[in-house]
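In what follows, a single structure is set out as structure tokens and then discussed.
Side chains are part of it too, since the values below use all heavy atoms of this structure and drop only hydrogens, waters and symmetry mates. To find a chain, count down the sequence lines: A is the first, B the second, and so on, and within it residues start at 1.
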There are 2 protein chains.
Amino acid sequence: MALRHAVLAALLDGEYSGYQLAKAFDIGVANFWHALPQQLYAELAKLEKEGLLSGRQVLQEGRPNKRLFRVTEAGRAELEAFAETVAKPSFIRDDLMVKVQAADLIGTAAVIAQLEERAEVSKGKVEFLTELLRTLRGGAEEDEYLRHGERIGPYLTCLRGVAFEQETRDWCLRIAAVLRARQENRAEHA
Amino acid sequence: MALRHAVLAALLDGEYSGYQLAKAFDIGVANFWHALPQQLYAELAKLEKEGLLSGRQVLQEGRPNKRLFRVTEAGRAELEAFAETVAKPSFIRDDLMVKVQAADLIGTAAVIAQLEERAEVSKGKVEFLTELLRTLRGGAEEDEYLRHGERIGPYLTCLRGVAFEQETRDWCLRIAAVLRARQENRAEHA
DNA sequence: TCTGACTAGTCACTTTCTTGAGTATGATGC
DNA sequence: GCATCATACTCAAGAAAGTGACTAGTCAGA
């Protein structure tokens, strides 16, 4: 049971449909939790059945109807209890790093290309998240916002997201350069 | 199919038993792939059956016998093919960040304590990994090692691990301070 | 002498995740 | 005019991962 808490935490900020929640997971929540839309729909249904969320149907014209969910008092209590439990260590899985681990014993050309591609993606995310941070804090300075803003949770996780993506970008570029240099070096000595 | 490649990449550095592999996963591989011993044993068996690994029994005295595995030519080819496929985006899950996301709508005392605890853990990892890096590069300077070292894959992923843990530590301490300040602020105005 | 940690695994069960497809409507772009 | 994208989901099957318990001998320390 783990996704449930990520969903509850994401829904604290308002009423969302499964579809909107999936978007939110792509944008902000992705900084600390990865999940596919199908999982979210399933989890929402389960949480509603358990009374941690309440859903209501919203009829729409010109587009499909939707169900909006909000966290119930029981849901909030569940999160509260979760916050007290010991946190598991953070969990990472990254294909690209597996490839880098193997790098000198397999061909590196493809890996270099992928590192540079990932660096580009991360750069895009940094820009996007930086903009998102600006939006979240409104006109305020960061320090001011962190001291007196009402809802800083999403801002804080987003800060971490920016740092992570920045790190990713730097690392990818550095490693790509290292591998490229070795490739050239080998070519010279061949 | 994903753990298999992490296992193959980890085994490139020599012959390991399942038990040793589990250790390796705790130390270096944990920087990019998380897996439990039971999964590893199961995966080793599967990979052997498919011919990507070959295992041999080693009889021991004073302790249980063990099976050592090495990557076969087919295994290397599999990794080679894997390196060419597009890498999935990195996959993160972190309980602690879920708690921070919810932070201002639930009690923060426990979260602050956990942030500080995690910061300590990360500090320990930074120290450990920094030492590991020193060992890996022998007496050489980093630049020199990266240019001419024979096997730099594990070093490169380890570099990333250090950066990640350092980042984690900084973030945890900063967020803990922010949350603490808000707590005190509220107490004053109450 | 007993406890607990280390080595070296195995087995069974359950939950979770991923993959891939299907449904339906409206708007937007070429 | 057709294709594709956006909204808004649902379903099923299969692969992967996680949980917990169990075996069994050795060695070090209280």
If we ignore angles and hydrogens, is there a donor and acceptor under 3.5 Å between the side chains of A:Arg182 and A:Thr108?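 No - no donor-acceptor pair under 3.5 Å links their side chains.
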Please check if any side-chain donor atom of B:Gln20 sits under 3.5 Å from a side-chain acceptor atom of B:Ser17, or the reverse. yes
Just checking, A:Arg160 and B:Phe164: is the charged tip under 6.0 Å from the six-membered ring centre and within 45° of the axis? yes
Stacked cation flag B:Lys66 on B:Tyr19, 6.0 angstrom / 45 deg: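 Judged by the rule, B:Lys66 and B:Tyr19 form no cation-pi pair.
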Can you check the [X] [atom1] to [N] [atom2] distance for me, whole Å?
X	N	atom1	atom2	value
A:Leu3	D:dG18	CG	P	14 Å
B:Gln60	D:dA24	CD	P	18 Å
A:Glu43	C:dT15	CD	P	13 Å
B:Tyr41	D:dG18	OH	P	17 Å

With B:Ser122, which of B:Glu165, B:Glu167, B:Glu127, B:Glu117 fulfils side-chain hydrogen bond (donor to acceptor under 3.5 Å, both in side chains)?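 Going through the options one by one, the only one that passes is B:Glu165.
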From the set C:dA8, C:dT18, D:dA17, return the single nucleotide nearest to any side-chain atom of B:Phe91.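 The answer is C:dT18.
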Name every residue in residues 24-39 of chain B that has at least one heavy atom under 4.0 Å from any atom of DNA chain D, in order of residue number, or write none if there are no such residues. B:His34, B:Leu36, B:Gln38, B:Gln39
Relative to the ring of A:Phe91, is the ring of B:Phe91 parallel (under 30°), tilted (30 to 60°) or perpendicular (over 60°)? tilted
